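Every value quoted in this text rests on a predicted model; they were computed, and no experiment measured them.
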Amino acid sequence: MKKKLTLMILILAVVGSITTVNAQTRQSLEARLLFTFINNVEWQQPKLSVNIGVLGNSRILTEISNHIKKNKLPHKVGKIDYVKEASKYDLVVVPAGLGLDIDELLAVVGTQNILTVAEEKKIANKDIDICFVDEEGKLRFVVNQTNAKKKGLVMGEKLLDYASEIY
């Protein structure tokens with residue numbers, strides 16, 4: 001009985017650590033994809049350096065920062081504590097599980113030339129420009145090209161080719 005209980009605890013611990021690794025791996029992939037988005041989106045004013053804002057506390061903030069340092073990129077990343085600060089950024093990331101009133105963010109961003117990227121599919125049908133989704137265990141993204149155009153953002157052909165859905 002003790003052996004079965006010990007084995008069960010060990011299995012739960014391993015499964016828990018795999019889930020953590022997968023979440024970290026996912027956010028690392030998302031961070032790298034953000035830079036692909038940056039390189040394949042045209043802003044009204046050309047950008048040599050993009051100011052990236054991440055809403056709240058999220059591991060993706062660290063992943064983006066690490067990617068910028070590792071690759072010596074000119075971009076900057078910062079934490080957004082209050083939704084009203086979102087208008088200071090060129091790209092705003094909405095992490096999963098934030099519990100944010102997305103309509104409040106959209107009111108602040110409005111039709112400004114700000115790219116919005118979300119980690120949750122349930123936000124994808126809102127006026128978010130790009131949203132990460134899981135499809136058959138693979139990380140994909142959907143693009144709301146209609147909304148991006150309203151804000152003066154032009155999505156590049158390569159970005160649209162790799163999107164799993166465009167609307």
Side-chain angles (χ1 to χ4, degrees), residues 19-44 47 50-68 73 75-167:
T19 303
T20 302
V21 169
N22 286 340
Q24 288 176 351
T25 302
R26 178 190 164 105
Q27 289 188 320
S28 179
L29 287 170
E30 288 175 356
R32 290 192 306 233
L33 277 171
L34 283 176
F35 295 98
T36 301
F37 300 159
I38 289 169
N39 293 331
N40 288 283
V41 170
E42 291 179 32
W43 276 263
Q44 288 173 335
K47 308 264 182 213
V50 174
N51 199 8
I52 305 165
V54 178
L55 282 158
N57 289 320
S58 175
R59 173 119 181 102
I60 197 164
L61 178 66
T62 304
E63 294 293 341
I64 294 168
S65 181
N66 289 344
H67 190 78
I68 289 171
L73 299 173
H75 311 300
K76 296 175 185 158
V77 64
K79 179 183 168 202
I80 301 174
D81 291 313
Y82 303 100
V83 173
K84 64 183 176 187
E85 298 172 349
S87 63
K88 299 176 186 174
Y89 294 89
D90 303 309
L91 188 157
V92 174
V93 179
V94 183
L98 196 58
L100 168 76
D101 178 4
I102 199 68
D103 293 326
E104 183 182 355
L105 171 67
L106 296 173
V108 170
V109 172
T111 58
Q112 293 182 66
N113 204 225
I114 299 171
L115 181 66
T116 52
V117 179
E119 286 188 302
E120 286 185 296
K121 185 175 182 174
K122 67 182 179 182
I123 298 173
N125 57 358
K126 298 272 188 172
D127 290 331
I128 297 291
D129 304 314
I130 299 174
C131 185
F132 292 110
V133 294
D134 285 313
E135 290 181 0
E136 299 174 12
K138 294 180 181 177
L139 181 63
R140 304 277 192 227
F141 59 92
V142 296
V143 174
N144 185 335
Q145 186 176 19
T146 304
N147 189 64
K149 282 182 181 178
K150 288 179 195 173
K151 299 188 316 185
L153 297 167
V154 178
M155 303 294 188
E157 289 298 319
K158 285 184 184 180
L159 181 66
L160 296 174
D161 286 345
Y162 288 105
S164 62
E165 186 178 348
I166 302 166
Y167 46 97

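- Here Ile68 contributes atom CD1 and Phe35 contributes atom CZ; the two are 4.0 Å apart, rounded to the nearest 0.5 Å.
- Classification of Asp127 and Lys150 as a salt-bridged pair fails, no side-chain N sitting under 4.0 Å from a carboxylate O.
- The two residues Ala86 and Val92 come nearest to each other via the heavy atoms O-CG2, 3.7 Å.
- Between Glu119 and Ala96, the closest heavy-atom pair is OE1-N, 2.8 Å.
- Applying the salt bridge (charged side-chain N to carboxylate O under 4.0 Å, His left out) rule to pairs touching residues 27-39 yields Arg26-Glu30, sequence neighbours excluded.
- The line from CG of Leu33 to CG of Leu139 is 6.0 Å long, rounded to the nearest 0.5 Å.
- Considering only residues two or more places apart in sequence or on other chains, His67 meets the side-chain hydrogen bond (donor to acceptor under 3.5 Å, both in side chains) condition with Asn71.
- At least one side-chain heavy atom of Leu106 sits less than 4.5 Å from a side-chain heavy atom of Asp103.
- Atom CD1 of Ile64 sits about 9.0 Å away from atom CD of Gln27, to the nearest 0.5 Å.
- Sorted by first then second residue, the side chain to side chain donor-acceptor pair (under 3.5 Å) pairs that include residues 82-91, not counting sequence neighbours, are Lys47-Asp90.
- By the neighbour-count criterion of 12 heavy atoms within 6.0 Å, atom NZ of Lys76 is sparsely surrounded, having that number or fewer from other residues, nucleotides or ligands.
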- Message: With side-chain contact (heavy atoms from CB on, under 4.5 Å) as the criterion, how do Asn144 and Ile128 come out once you've worked through the C-alpha distance, each side chain's angles and the decisive distance to 0.1 Å?
- Response: CA-CA 7 Å; Asn144 185 335; Ile128 297 291; over 6 Å; no
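- Heavy atoms only, all atoms of each residue included: Glu120 and Pro95 are closest at OE1-O, 4.4 Å.
- Judged as a side-chain hydrogen bond (donor to acceptor under 3.5 Å, both in side chains), and not counting sequence neighbours, the contacts of Asp81 are Lys79.
- When all heavy atoms are compared, the tightest approach of Asn113 to Gln44 is OD1-N, 3.0 Å.
- Of the inter-residue distances, the one linking Asn40 atom CG with Ile130 atom CD1 reads 9.0 Å to the nearest 0.5 angstrom.
- For the pair Thr116 and Lys151, the minimum side-chain heavy-atom distance is below 4.5 Å.
- Taking the side chain as every heavy atom from C-beta outward, Phe37 and Asp129 never approach each other to under 4.5 Å.
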Compile the donor-acceptor pairs under 3.5 Å between side chains in residues 152-164 and protein atoms, sequence neighbours left out, one pair per line.
from   : atom 1 : to     : atom 2 : distance (Å)
Ser164 : OG     : Glu135 : OE2    : 3.0
Ser164 : OG     : Phe141 : O      : 3.2

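- Note that OG1 of Thr111 is 9.5 Å distant from CG of Asn147, once rounded to the nearest 0.5 Å.
- With sequence neighbours excluded, the residues that form a side chain to side chain contact (heavy atoms under 4.5 Å, CB included) with Lys149 are Gln145.
- The CG atom of Leu29 sits 7.0 Å away from the OG1 atom of Thr25 when rounded to the nearest 0.5 Å.
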